[in-house]
Amino acid sequence: MSWHVATVVGTRSVTPTARALTLAVPGFAAALPGQHVDLRLTAPDGYQATRAYSLSDTGQDERVDVVVDEVPDGEVSPYLTRVARPGDQLEVRGPLGGYFVWHEDDPAPVLLVAGGSGVVPFLAMLRARRAAGRRTPFRLVCSVRTPDDAIERAEVDSPDPGLDVHWVFTRAAPPGWPAPPRRLTTDDLVTPGFGPDDGTAVFVCGPTGFVEAATGLLTGLGHPPGRVRTERFGGA
Amino acid sequence: MAVVTRGFGGRRPEPEHQIPPGQFVVQDFPVLSAGPTPNVDESRWELTVRTETGEGTTWTWDQLMELPAEDVVTDIHCVTHWTKLGMTWRGVPVDALLADVETSADFVMARSYGGYTTNLPLQDLLDGQAWVAFEVEGEPLEPVHGGPARLLVPHLYFWKSAKWLRGLDLMTSEDLGFWEQNGYHAYGDPWLEQRYA
């Protein structure tokens, strides 16, 4: 699999720490929602750094959309969230990964569970579902610290037939929110039509601690481990 | 040469310690797994080596603990680009498990609790290159990192070091494991950057 030259064509802040980037990438074939890419940056002396990022949109040849959340003291993410601007060049390899993927012709109900920037591959799934005009039952559960940390909340909350979105705020909730800030619980994951007996396909993405907690709740509810696909970031 | 990324300086890896191309050094211990973490109690843990004729040899946890273990200090390289330097592991060399096994197989499928699989050439598990590891940095291996015991094959990308190990199936031909069927390289040498198929 080869590297493609990519040119930044758009940037947009989506939270105080996260930025959406759009890259024009001649030769890049359309990806499936849930897949990721490697991005490679090269310094003037030839030093290179490579990181993997989930795609936030898919389906278009020669275009790569990512949302990058800054890792404090990171090497690559602060460049992408603060420095990169239209016209800058880097390299892309992908699309990568054949397992953490939603296929739009799969009729099974889909339960998506995101912690923080773990929502990014799910944005690709929601956008693919909408673009294909599918009504596949989707439930998205998003856990974020504060309303400011919610990535693309307006888009995620916009009405979409068959899509049910549920937010969990762990540190600070919006004014008037019906629940106090709290961590994800079993109640957040129980919804008619998205249980283990409904053949639900479950995807969980987020920091390691969040994914461990969420998958523990899900398997406790009876979701077969083989139907729970995970993508983790960070250590434990 | 590759395009230059304007405004990118980067941080240099520590000199004198070579790491494979495309890797960067981490201080924490990242976790990557395709599904939920299985919790396998040592009291019901078993490891079975099965030959190509179907003959199996099984070790319980207590039986594994009776085999001579080794301390292994090694760098770990993950296909997702992180490298962790100088980790200290403890485990039983796979040589000890295969010593009395009659086989003419050239390949192995490692199987995990939870259903994960990964394929390796048999010769990569022999001659002190691979272990069934149950401690890291002096502590029992946590479930999230593959405890109670995982395969440790540090000269290949870390997806080959199957977590929650329950079996080694000897094969006369090369079948592909879980990630190898999902876009990753059949062998996975980090120094040759064999990441993807």
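Since we're looking at a predicted model, the values are computed, not measured. First the proteins, then the strands, lettered A, B, ... as listed; each starts at 1.
Using a 4.5 Å cut-off between heavy atoms, B:Phe24 touches chain A through its side chain atoms alone. Residue contact with chain B, scored on non-hydrogen atoms closer than 4.5 Å, involves the backbone and the side chain of A:Glu75 alike. For B:Asp28, the part lying near chain A is the side chain, with the backbone staying farther off; criterion is any non-hydrogen pair under 4.5 Å.
Contacts between residues 114-152 of chain B and chain A, counted as heavy-atom pairs separated by less than 4.5 Å, involve B:Val144, B:His145. Among the residues in residues 155-181 of chain B, those with a non-hydrogen atom closer than 4.5 angstrom to a non-hydrogen atom of chain A are B:Phe178, B:Trp179. Listed by sequence position, A:Asp88, A:Gln89, A:Leu90, A:Glu91, A:Arg93, A:Leu96, A:Gly97, A:Gly98, A:Tyr99 are the residues of residues 88-99 of chain A in contact with chain B, using a 4.5 angstrom heavy-atom cutoff.
Per-residue heavy-atom pair counts under 4.5 Å with chain B were compared for A:Gly234, A:Ala49, A:Ala52, A:Gly226, and the maximum is reached by A:Gly234. Across A:Glu212, A:Arg227, A:Arg51, A:Glu231, the residue that shares the most heavy-atom pairs under 4.5 angstrom with chain B is A:Arg51. For the set A:Ala214, A:Gly74, A:Gly216, A:Pro78, the count of heavy-atom pairs under 4.5 angstrom toward chain B peaks at A:Gly74. Chosen from B:Gly183, B:Pro38, B:Gly7, the residue pairing most often with chain A at heavy-atom distances under 4.5 Å is B:Gly7. Annotation: maximal heavy-atom pairing with chain A below 4.5 Å, among B:Ser33, B:Ala197, B:Gly22, B:Pro21, occurs at B:Ser33. Most heavy-atom pairs under 4.5 Å with chain B: of the set A:Val83, A:Val101, A:Val5, this distinction falls to A:Val83.
Residues A:Val8 and B:Arg6 form no side-chain contact, since every pair of their non-hydrogen atoms from C-beta on lies 4.5 Å or further apart. For the pair B:Tyr196 and A:Asp38, the minimum side-chain heavy-atom distance is below 4.5 Å. With a 4.5 Å cut-off on side-chain heavy atoms, A:Val76 and B:His81 do not count as touching.
Rounding to the nearest 0.5 Å places CD of A:Gln48 at 9.5 Å from CZ of B:Phe8. The CZ atom of A:Arg40 sits 9.5 Å away from the OG1 atom of B:Thr5 when rounded to the nearest 0.5 Å.
A donor-acceptor pair is defined here as one N or O able to donate and one able to accept, closer than 3.5 Å; no such pair exists between the side chain of A:Tyr47 and the backbone of B:Gly10. No donor-acceptor pair closer than 3.5 Å links the side chain of A:Arg229 to the backbone N or O of B:Gly35.
The environment of B:Glu55 atom CD is sparse: at most 12 non-hydrogen atoms of other residues, nucleotides or ligands sit within 6.0 angstrom. Within 6.0 Å of CZ on A:Arg182 lie more than 12 heavy atoms contributed by other residues, nucleotides or ligands.
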List the steps and the verdict of side-chain contact (heavy atoms from CB on, under 4.5 Å) for B:Val31 and A:Arg232. CA-CA 7 Å; B:Val31 174; A:Arg232 296 164 166 85; 3.5 Å; yes

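Applying the ring-ring contact (aromatic ring centres under 6.0 Å, His included) test to every pair with at least one member in residues 210-236 of chain A, sequence neighbours left out, gives no pairs at all.
Between A:Pro225 and B:Pro36, the closest heavy-atom pair is O-CD, 3.5 Å.
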